[in-house]
Protein chains: 2
Amino acid sequence: MLDAFDRKLLNLMQTDTRRTAHELSEAVGLSPSACLRRLNKLRETGVIEAEIAVLSPAALGHRLSMVVEVSLERERPDIMSDFKKAMRRTPEVIQCYYVTGEVDFILIVAVQSMSDYEAFTNDFLFNNKNIKRFNTLVVMDRVKVGLAVPIE
Amino acid sequence: MLDAFDRKLLNLMQTDTRRTAHELSEAVGLSPSACLRRLNKLRETGVIEAEIAVLSPAALGHRLSMVVEVSLERERPDIMSDFKKAMRRTPEVIQCYYVTGEVDFILIVAVQSMSDYEAFTNDFLFNNKNIKRFNTLVVMDRVKVGLAVPIE
DNA sequence: ACTGAAAGTCGCGGCAC
DNA sequence: GTGCCGCGACTTTCAGT
């Protein structure tokens, strides 16, 4: 399904998509056209889900991140489903994971300021009857931020 | 510093970098050349930190994600600094946040299998004398995964 | 079936306005 | 800031392995 060439290409692409086919070809040991053909296949088959720009939070004005642990009142399927939809709709929620353990969801939230975060908690957490409890951890340092997974 | 055109461009770019200058130009109401000049400036000035591919974990073989809460033994600067460096070096650690609250760090970890995760905890958590305690939350659903922050 | 090379097409990047 | 033009990069085709 995925051979060593594909994995090399994916490893390069998940750190930088701006390399030319020629640069890729030298790195993986394949001709430029073969590299591009493989890349397009990886896009079509959904192995590459998206190609996106990573922005500097500092450059966008001082910006706060929070990790929020959320416990729902009851784990009813319809409540869960509604909550997930709401998280996907809400731009402040950068990431949302449904997890096992003492809490149900972990959110990564990005806001411009503390008052924005207060507004967010009011709108989405306090006013949500399905939420039993939530706990905010303020991010002091984004030590490592990315989406790159280890391949092989 | 950043005007409305820049913000529109950034919003488009943080969801998809494959649009052509012509497509961008229609979306933001500027000529294609103006869009490209602005984009290159945003790259040079570091507003755009990187352009990367997002891969499908499913397509890379069944893959597990964990959220790990870590508390250090003592918050000594040198210990903290060493821990941060180790997290940045470790490919399984997708993200690492230094946070306030009951725990010191939140990690997002990606592994191929439970036994890989066991190996990871042994290498980086159990064998680290500076770590007081850690708690693993297994991710059952990656409800929302991304890096896109709300702009405006 | 997939690679590699060449021809064809498209999009980027500099220059004039 | 916009529009044009040359060049570089991607796409497609085709032959070879």
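Remember, predicted model here, so these are calculated numbers, not experimental data. Here is the naming used below: chain letters follow the sequence lines, and residue numbers restart at 1 for every chain.
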Below 4.5 Å, heavy atoms only, C-beta onward: do Val109(B) and Phe120(B) meet side chain to side chain? yes

Could you check, using the six-membered ring where one of them is a Trp, whether Phe134(A) and Phe126(A) have ring centers closer than 6.0 angstrom? yes

I'd like a table of donor-acceptor pairs (distance under 3.5 Å, sequence neighbours excluded) in which one partner is a side-chain atom from residues 79-94 of chain B, with atom names and distances.
unit_1: Lys84(B); atom_1: NZ; unit_2: Asp141(A); atom_2: OD2; d: 2.7
unit_1: Arg88(B); atom_1: NH1; unit_2: Val143(A); atom_2: O; d: 3.0
unit_1: Thr90(B); atom_1: OG1; unit_2: Ala86(B); atom_2: O; d: 2.6

Answer whether the closest heavy-atom distance between the side chains of Ile52(B) and Asp16(A) falls below 4.5 Å. no

Within a strict 4.5 Å, meaning less than it, do heavy atoms of the Gln14(B) and Ile151(B) side chains meet? yes

Mind calculating the distance between CD (Glu44(A)) and P (dC10(D)) to the nearest angstrom? 16 Å

Return the polar atom pairs (N/O with N/O) between nucleotides 10-17 of chain C and the protein under 3.5 Å, or none.
unit_1: dC12(C); atom_1: OP2; unit_2: Ala21(B); atom_2: N; d: 3.2

Would you kindly give the CG-to-C1' distance between Leu42(A) and dC2(C), to the nearest whole Å? 14 Å

Going by an N to O cut-off under 4.0 Å, is there a salt bridge joining Asp3(B) and Arg38(B)? yes

Does any residue of residues 2-17 of chain B have a heavy atom under 4.0 Å from DNA chain C, and if so, which ones, in number order? none

Could you tell me if the side chain of Glu49(B) sits less than 4.5 Å from the side chain of Arg43(B), heavy atoms only? no

Backbone N/O of Ala110(B) and side chain of Ser65(B): donor-acceptor pair under 3.5 Å: no

Look at Arg38(A) and dC2(C) and indicate whether a side-chain polar atom (N or O) is within less than 4.0 Å of OP1 or OP2. no

